[in-house]
Amino acid sequence: MVIFSKQEIEVLIVGAGPSGIAVSACLNRFGIKNVVLEKEDCCAYLWKKKTYDRLHLHLAKGFCSLPFMSYTTSTPKYLSKNEFIQYLDKYVEHFDVKPKFHTCVEWAYFNNEEGKWNVKSRDLSSGDMKVYDCDFLILATGENSEGYIPKVVGMENFEGEIIHSSDYKFGKKYEGKNILVVGSGNSGMEIAFDLSNYGCHASIVVRSPIHILTREMVYTAMLMLKYLPVSWVDAVIAKYAKFKFGNLAKLGISQPEEGPFSVKMSKGRSPVIDVGAIDKIKHGQIKVLPGISEIKEQTVVFENGDKHQFDAIVFATGYKNVATKLLKDYSSIFLEDGTLKNWKGENGLYAAGFSKRGIAGISMDAIAIADSIKSVRGDKI
């Protein structure tokens with residue numbers, strides 16, 4: 001028997017990833033009661049269960065902490081996935097964040113008559129339904145909530161395996177096979193590198209111009225950006241990268257006309273951090289291919305007319321925003337394509353973790369949202 005209930009609360013947070021727990025922690029510090037709903041069975045589900053094993057944070061720890069809890073001096077400069085997960089678990093415990101797991105939000109709208117948000121949720125274990133009436137609604141489902149695989153002509157006929165990068169763990173199962181990685185961002189490049197390390201015949205599709213840097217280049221740039229204009233930093237780092245990697249266009253990897261950090265600021269696209277893939281490309285261990293025009297039963301046809309046979313295709317083609325599916329009207333906070341419009345919408349609606357500024361952006365969002373809610377409430381802490 002399904003039970004229907006209703007509950008009035010002040011603040012409701014949707015999502016218990018880094019964004020959701022950071023906002024909850026900031027509110028808890030102000031003594032503002034909040035409820036965090038998470039459809040999965042743990043905090044930071046994507047980090048714990050939907051990332052590949054060799055993943056590390058690409059930025060130094062000084063740029064990757066959540067509000068009010070720095071890393072210890074013994075923490076490595078660049079954290080592994082497991083080290084970051086341990087940090088998140090300690091953060092949740094320290095700030096007494098207590099999400100309601102296995103709880104899926106089905107819809108939300110602002111009730112003008114009540115002057116509150118009505119949010120319908122479902123307990124995935126029992127099937128029970130609950131409607132929350134809240135003054136403030138915070139969407140913290142994040143930018144990486146649902147994997148995106150573009151439609152490619154003929155892909156339904158492919159006889160091999162097709163997966164999204166979020167389902168890739170490590171390359172052992174593909175040893176000796178021909179694997180195509182579609183997407184040349186950080187995940188794509190690192191997965192191609194991992195596949196090659198496991199003895200796979202890896203290829204990667206590079207369609208768009210990208211900047212390739214090392215993580216130390218990025219660290220240097222982050223320090224420089226505190227004191228110098230972005231155009232100067234771009235110029236220095238671009239020369240540094242050309243000296244390090246040479247002419248990447250000869251490898252089939254073109255670069256944008258804008259500098260790496262100008263691109264990040266204007267388009268939200270991060271430079272690709274090389275973990276060893278470029279050296280493997282130079283030595284022919286990873287093959288660079290152009291865009292796909294068609295997929296057949298066992299082969300892939302590329303835009304230059306070449307055909308290659310593959311056993312599996314890994315789509316490292318990013319994610320899509322699912323938060324827009326929850327709201328009946330998201331026009332005050334998101335654009336039609338799901339891109340963030342404002343972190344602060346109308347009627348107490350907020351978005352955390354959609355700014356394309358990484359963990360540092362999440363921290364800024366969380367602090368700003370908590371401060372805004374405190375101000376609206378008129379609290380004097």
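The existence of a salt bridge linking Asp135 and Lys116 is confirmed by a sub-4.0 Å separation between a basic side-chain nitrogen and an acidic carboxylate oxygen. A salt bridge links Lys320 with Glu146: the closest approach of a Lys/Arg side-chain nitrogen to an acidic carboxylate oxygen falls below 4.0 angstrom. Residues Asp123 and Lys130 are not paired through a salt bridge, judged by the lack of any N-O separation under 4.0 Å between the basic side chain and the carboxylate. Between Glu216 and Lys77 a salt bridge is recorded (basic side-chain N to carboxylate O distance below 4.0 Å). A salt bridge does not link Glu40 with Lys49: every distance from a Lys NZ or Arg NE/NH1/NH2 to an Asp or Glu carboxylate oxygen is 4.0 Å or more.
Between Leu137 and Ala108, the shortest heavy-atom contact is CD2-CB, 3.9 Å. Heavy atoms only, all atoms of each residue included: Phe101 and Cys43 are closest at CE2-N, 3.5 Å. Across every non-hydrogen atom of Pro256 and Pro209, the tightest pair is N-CB, 3.4 Å. Annotation for Pro67 and Ala366: closest pair CG-CB, 4.1 Å, computed over non-hydrogen atoms. A pairwise comparison of heavy atoms in Ser355 and Asp365 identifies OG-OD2, 3.9 Å as the closest pair.
For the atom pair CG of Asp329 and OG of Ser332, the computed distance is 6.5 Å after rounding to the nearest 0.5 Å. Taking CZ of Arg54 as the reference point, atom OH of Tyr168 lies at 9.0 Å (rounded to 0.5 Å). With rounding to the nearest 0.5 Å, the separation of CG in Leu139 from CG in Asn321 is 8.5 Å. Atom OG1 of Thr141 is separated from atom CG of Leu37 by 12.0 Å, given to the nearest 0.5 angstrom. Between atom CD1 of residue Ile163 and atom CD1 of residue Ile313 there is a gap of 10.5 Å, rounded to the nearest 0.5 Å. Here the NE2 atom belonging to His102 is positioned 8.5 Å from the SG atom belonging to Cys42, to the nearest 0.5 angstrom.
Counting heavy atoms from C-beta outward, Ile138 and Ile373 have side chains that approach closer than 4.5 Å. You'll find the side chain of Ile162 reaches within 4.5 Å of the side chain of Phe315, heavy atoms only. Side-chain atoms of Phe95 and Arg29, non-hydrogen and from C-beta on, do get closer than 4.5 Å to each other. Looking at heavy atoms from C-beta onward, Asp133 lies in side-chain contact with Glu8 at the 4.5 angstrom threshold. Looking at Pro260 and Leu213, their side chains come closer than 4.5 Å, going by heavy atoms from C-beta outward. Residues Val11 and Cys134 fail the side-chain proximity criterion, which asks for heavy atoms closer than 4.5 Å. Proximity of Glu106 to Met129: side-chain heavy atoms (C-beta onward) are separated by under 4.5 Å at one or more points. Taking the side chain as every heavy atom from C-beta outward, Met217 and Tyr240 approach each other to under 4.5 Å.
By the 30° and 60° cut-offs, the orientation of the rings of Tyr91 relative to Tyr87 is tilted. Ring-plane geometry between Phe136 and Tyr350 is classed as tilted, the angle between the planes lying from 30 to 60 degrees on a 0 to 90 degree scale. Note on ring orientation: taking the six-membered ring where Trp is involved, the planes of Phe170 and Tyr198 are tilted (angle from 30° to 60°).
Heavy-atom neighbours of Tyr71 OH from other residues, nucleotides or ligands within 6.0 Å: above the threshold of 12. By the neighbour-count criterion of 12 heavy atoms within 6.0 Å, atom NZ of Lys90 is sparsely surrounded, having that number or fewer from other residues, nucleotides or ligands. Annotation: Lys280, atom NZ; neighbour count of heavy atoms from other residues, nucleotides and ligands within 6.0 Å is above 12. For Glu336, the CD atom counts as loosely surrounded, since its 6.0 Å shell holds 12 or fewer non-hydrogen atoms of other residues, nucleotides or ligands. The 12-atom threshold is not exceeded at CD of Glu93, counting heavy atoms of other residues, nucleotides or ligands nearer than 6.0 Å. For Lys242, the NZ atom sits in a loose shell: 12 or fewer heavy atoms of surrounding residues, nucleotides or ligands are nearer than 6.0 Å. The number of heavy atoms from other shown groups lying within 6.0 Å of NZ (Lys356) does not exceed 12. Counting non-hydrogen atoms of neighbouring residues, nucleotides and ligands closer than 6.0 angstrom, the CH2 atom of Trp232 reaches no more than 12 such neighbours.
Annotation: Phe158 is not in aromatic contact with Phe310 [ring centroid separation under 6.0 Å not met]. Between Tyr109 and Trp117, a ring centre-to-centre spacing not shorter than 6.0 Å is recorded. A distance of 6.0 Å or more separates the ring centres of His58 and Tyr78.
Criterion: ILVMFWY side-chain heavy atoms under 4.5 Å apart, direct or through other members. Under it, Val92 and Phe84 are part of a common hydrophobic cluster. Under the 4.5 Å side-chain heavy-atom criterion for Ile, Leu, Val, Met, Phe, Trp and Tyr, Ile362 and Val14 are members of distinct hydrophobic clusters. Linking ILVMFWY residues whenever their side-chain heavy atoms come closer than 4.5 Å, directly or via other members, leaves Phe354 and Trp47 in distinct clusters. Linking ILVMFWY side-chain heavy atoms closer than 4.5 Å, directly or via other members, places Ile237 and Val263 in two distinct hydrophobic clusters. When hydrophobic clusters are built by joining Ile, Leu, Val, Met, Phe, Trp and Tyr residues whose side-chain heavy atoms come closer than 4.5 Å, directly or via intermediates, Ile212 is grouped together with Tyr219.
Side-chain contact check for Lys307 and Thr299: no donor-acceptor pair (N or O, by modelled atom type) lies under 3.5 Å. Looking only at atom types and distance, the side chain of Asn118 has a donor-acceptor partner in the side chain of Asn111 under 3.5 Å away. In the model, Glu38 has no side-chain atom that pairs as donor or acceptor with a side-chain atom of Tyr45 under 3.5 Å. Using modelled atom types, one finds no donor on one side chain facing an acceptor on the other under 3.5 Å when comparing Thr214 with Asp274.
In this structure, Lys61 contributes its side chain and Thr72 its backbone to a donor-acceptor pair below 3.5 Å. Within the 3.5 Å criterion, the main-chain N or O of Ser331 finds a donor-acceptor partner in the side chain of Lys341.
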Evaluate the criterion salt bridge (Lys or Arg N to Asp or Glu O under 4.0 Å) for residue pair Asp89 and Lys48; output intermediate values, then yes/no. CA-CA 11 Å; Asp89 286 340; Lys48 291 177 178 178; 2.9 Å; yes
Derivation and outcome, ring-ring contact (aromatic ring centres under 6.0 Å, His included), residues Tyr148 and His164: CA-CA 7 Å; Tyr148 169 71; His164 186 264; 8.3 Å; no
Quick one: do Arg122 and Asp128 satisfy salt bridge (Lys or Arg N to Asp or Glu O under 4.0 Å)? Show the steps, please. CA-CA 6 Å; Arg122 177 165 52 90; Asp128 293 344; over 6 Å; no
Dump the intermediate steps for side chain to side chain donor-acceptor pair (under 3.5 Å) on Ser375 and Ser372, then the final yes or no. CA-CA 5 Å; Ser375 176; Ser372 176; over 6 Å; no
Walk me through whether Phe302 and Ile292 qualify under side chain to side chain contact (heavy atoms under 4.5 Å, CB included). CA-CA 4 Å; Phe302 294 89; Ile292 298 172; 3.9 Å; yes
Could you walk me through whether Ser80 and Asn82 satisfy the side chain to side chain donor-acceptor pair (under 3.5 Å) test, starting with their C-alpha distance in whole Å, then the side-chain angles of each, then the deciding distance to 0.1 Å, before giving a yes or no? CA-CA 5 Å; Ser80 68; Asn82 289 335; 5.4 Å; no
Show the atom names and distances, to 0.1 Å, of all donor-acceptor pairs under 3.5 Å that link a side chain in residues 243-254 to residues at least two apart or in another chain.
residue, atom, partner, partner atom, Å
Asn247, OD1, Ala249, N, 3.1

